[in-house]
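What follows is a single structure, written as structure tokens, with notes after it.
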Amino acid sequence: MTKTPLLFLLLGLTALPACAQSKVRKLPGIINHPSLDVSSPYISHDGNALLFVSNSGQDGALAVMYTSRETDWSTPVELPKHLSTRLNFFQGYALSADGRKLYFTCAKSPVVGGYDIFVSELKGTTWSTPENFGAPINSKTNDGCPSFTPDGSALYFMRCDKMDQRKAGGCQIFRTVKKSNGQWEEPVALPASINTGNAQAPRIMADGETLIFSSDKAGGKGGMDLYMSRLKNGSWSAPAPLDFVNTAEDDQYVSVAALGRYLLKEAPGTRNNREITEFLIPDNLRPKGIMKLEGKISDASGAATPAYLSVSDMTTGKRVYSGRPASDGSYYVYLPEGTRYELSVDPEQSQVSYFSRQLDLTGDKVPQKEKVNVTLKQPAVGDEIVLDGVQFKPSSSTLQATSDNALKQLARLIKANPGFKFEIQVLLSGYVEDANRSSADLTEISVDSIHTKYDDIDSLGQLYKRDTIMVKKLFHNDRTQAQAQAIINYLVSQGASPGSFTYFVNAIPAALPENKKLTIKAVVRKG
């Protein structure tokens with residue numbers, strides 16, 4: 001089976017500016033119960049699955065609970081017995097980015113050493129038989145508390161001298177990376193700045209570079225405290241204490257969804273109990289937010305169709321991901337905030353349409369999830385191909401280098417479908433004109449000759465009408481015709497026939513000057 005591709009580099013709830021968010025908020029009553037202690041939350045990167053520990057078992061025994069949501073959290077259920085036994089380390093649970101895989105720490109045979117890391121997958125409503133990760137992840141000592149990057153390519157975990165149901169000691173944090181053949185590299189301990197004292201419970205954030213962990217090293221508030229370190233250019237920064245949540249008690253098992261706004265942690269409840277609480281992460285500590293892009297690629301009938309999927313950073317021009325959808329056509333990709341991306345989907349057959357979409361993650365409001373379904377089909381008269389990826393240098397009709405991919409895709413489609421013509425449309429909303437060049441954007445000049453007559457006196461002192469031509473010069477920003485021609489010239493340079501094209505341009509004022517927008521598309525016409 002083809003696995004759904006992932007990208008590490010995350011339409012759900014939109015992130016609000018920090019000033020509009022509550023600093024502390026409790027999870028709903030379906031999770032927090034006044035007569036129970038709940039703790040050790042682990043939320044999936046997509047924010048839709050949650051594990052936590054509750055003393056809801058018989059006679060107050062600990063139980064690991066699982067809940068998921070589409071909009072609201074479902075009633076939590078205890079994990080089945082084959083995943084939750086007396087031989088488990090109760091805080092050693094984790095979830096994959098989509099919440100469909102559960103990782104846990106257990107000493108039940110077969111094991112490599114003491115406690116090992118196992119995995120089970122949710123298939124329908126049933127968790128599969130657990131599988132031991134084996135060596136080199138598991139060792140002759142005790143290995144647990146796994147945490148994966150969203151793409152599953154890197155794993156952080158702790159390796160400890162001692163471990164039982166409720167606690168561990170003599171721990172260090174290790175990291176391992178998956179090789180191209182799917183095997184794991186030999187785990188490497190993180191530097192001493194992190195592995196000082198008893199370092200535990202690593203949580204790698206969705207950005208793949210921010211690590212939260214707990215440690216009892218000197219200088220904390222007491223017991224185990226939480227710290228954050230960032231991986232930059234191969235080196236880890238000096239750990240910073242998370243004093244906005246650290247207490248005099250043990251602070252260890254926390255979690256953060258991909259959006260990176262809130263940290264989930266147990267805190268005192270209203271009736272001398274423990275409740276799972278969200279704490280707003282200060283801006284200087286907040287990990288980079290990640291948006292989950294997902295969807296399905298299908299043909300005109302709705303069936304999955306073979307295709308190539310790629311994502312490029314439009315700021316750098318670099319391709320950050322390439323792959324193929326799963327066998328059912330589904331895909332999902334995690335994208336870090338702070339830049340603009342181009343999603344590109346190409347079919348295997350040249351005569352079939354392609355898809356391109358820009359994604360702007362530079363604003364203050366980054367969605368947690370966006371769904372983009374793609375239909376690839378034979379072109380038909382009237383089809384519109386949006387060319388978001390085609391851009392011009394500021395105040396000009398010169399194509400940006402970042403336009404190459406979108407125009408090469410279009411050229412390929414045009415050459416493969418000689419029976420059609422393609423109308424290149426360049427539409428400007430935000431037309432401006434002025435008698436003076438009041439803005440650098442007014443690069444075009446219109447010259448209008450006006451024939452008029454005015455009164456004059458000849459050499460004999462007689463009044464007469466003199467003919468004259470007045471020239472009126474007007475500066476404006478309508479470059480649509482030159483831009484359409486630049487697009488056609490590029491397509492012809494890629495082998496498309498000059499006879500394949502017509503063009504249509506239009507420029508109108510915008511209601512507000514700041515709403516200026518250039519829309520570019522190709523419309524399929526009869527040949």
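If you read the sequence from its start, that first residue is 1, and numbering goes on from there.
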Ignoring hydrogens and angles, state whether a donor on the side chain of [X] or [Y] is under 3.5 Å from an acceptor on the partner side chain.
| X | Y | result |
| --- | --- | --- |
| Arg86 | Gln165 | no |
| Asn48 | Glu70 | no |
| Arg159 | Ser139 | yes |
| Asn233 | Ser235 | no |
| Asn138 | Asn132 | yes |
| Ser344 | Gln409 | yes |
| Tyr332 | Asp98 | yes |
| Thr67 | Ser74 | yes |

Residue from Leu359, Asp313, Val366 passing side-chain contact (heavy atoms from CB on, under 4.5 Å) with Leu335: Leu359
Evaluation steps, side-chain contact (heavy atoms from CB on, under 4.5 Å), between Arg175 and Val188: CA-CA 5 Å; Arg175 177 179 185 263; Val188 176; 5.7 Å; no
If I compare all heavy atoms of [X] with all of [Y], which pair ends up nearest, and what's the gap?
| X | Y | answer |
| --- | --- | --- |
| Ser255 | Ile43 | OG-N, 2.8 Å |
| Pro150 | Met205 | CD-O, 4.5 Å |
| Ala257 | Gly47 | CB-CA, 4.2 Å |
| Pro202 | Ile173 | CB-CG2, 3.8 Å |
| Cys171 | Ala168 | SG-CB, 3.7 Å |
| Ile297 | Leu309 | CD1-CD1, 4.4 Å |

For [X], is the [atom1] atom crowded, meaning more than 12 foreign heavy atoms sit under 6.0 Å from it?
| X | atom1 | value |
| --- | --- | --- |
| Lys377 | NZ | yes |
| Lys179 | NZ | yes |
| Asn181 | CG | yes |
| Lys288 | NZ | no |
| Glu249 | CD | no |
| Lys108 | NZ | no |

Over-ring placement of Arg203 relative to Phe213, 6.0 Å and 45° cut-offs: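 Cation-pi check for Arg203 and Phe213: fails.
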[atom1]-[atom2] distance between [X] and [Y], expressed to the nearest 0.5 angstrom:
| X | Y | atom1 | atom2 | answer |
| --- | --- | --- | --- | --- |
| Thr105 | Met158 | OG1 | CE | 6.5 Å |
| Asp143 | Cys160 | CG | SG | 8.0 Å |
| Asp161 | Thr141 | CG | OG1 | 7.5 Å |
| Phe279 | Lys23 | CZ | NZ | 12.5 Å |
| Met65 | Ile31 | CE | CD1 | 10.5 Å |
| Tyr93 | Ser40 | OH | OG | 10.5 Å |

Can you tell me if [X] uses its side chain to pair, donor with acceptor, with the backbone of [Y] under 3.5 Å?
| X | Y | result |
| --- | --- | --- |
| Asp72 | Arg69 | no |
| His82 | Trp127 | yes |
| Ser403 | Gln391 | yes |
| Asp299 | Gly302 | yes |
| Asp207 | Thr210 | yes |
| Asn55 | Leu36 | no |
| Ser96 | Lys101 | yes |
| Asn88 | Phe90 | no |
| Asp346 | Tyr354 | no |
| Ser215 | Lys217 | yes |

Taking the side chain as every heavy atom from C-beta outward, state whether [X] and [Y] have any atom pair closer than 4.5 Å.
| X | Y | result |
| --- | --- | --- |
| Ile137 | Asp116 | no |
| Leu102 | Leu122 | no |
| Tyr331 | Val345 | no |
| Val119 | Ile117 | no |
| Ser330 | Pro325 | no |
| Val24 | Thr277 | yes |

Residue of the set Thr316, Thr315, Asp360 for which side chain to side chain donor-acceptor pair (under 3.5 Å) holds with Thr339: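 That would be Thr315; it is the only one of Thr316, Thr315, Asp360 passing the side chain to side chain donor-acceptor pair (under 3.5 Å) with Thr339.
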With a 4.0 Å cut-off, would you call [X] and [Y] a salt bridge?
| X | Y | value |
| --- | --- | --- |
| Arg286 | Glu337 | yes |
| Asp328 | Lys296 | no |
| Arg230 | Glu209 | no |
| Arg319 | Glu342 | no |
| Arg274 | Glu266 | yes |

Check against side-chain hydrogen bond (donor to acceptor under 3.5 Å, both in side chains), Gln200 and Gln252: CA-CA 8 Å; Gln200 296 188 19; Gln252 288 183 269; 2.9 Å; yes
Tyr103 ring center within less than 6.0 Å of Phe148 ring center: yes
Output field: ring centroids Phe104/Phe118 closer than 6.0 Å: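 Yes: the rings meet the under 6.0 Å criterion.
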Audit row: Leu343, Phe355, side-chain contact (heavy atoms from CB on, under 4.5 Å) steps and yes/no: CA-CA 8 Å; Leu343 167 67; Phe355 179 86; 4.1 Å; yes
Evaluation steps, salt bridge (charged side-chain N to carboxylate O under 4.0 Å, His left out), between Lys369 and Asp46: CA-CA 8 Å; Lys369 181 171 64 175; Asp46 67 7; over 6 Å; no
side-chain hydrogen bond (donor to acceptor under 3.5 Å, both in side chains) between Ser147 and Tyr42, intermediate numbers included: CA-CA 10 Å; Ser147 182; Tyr42 198 107; 3.3 Å; yes
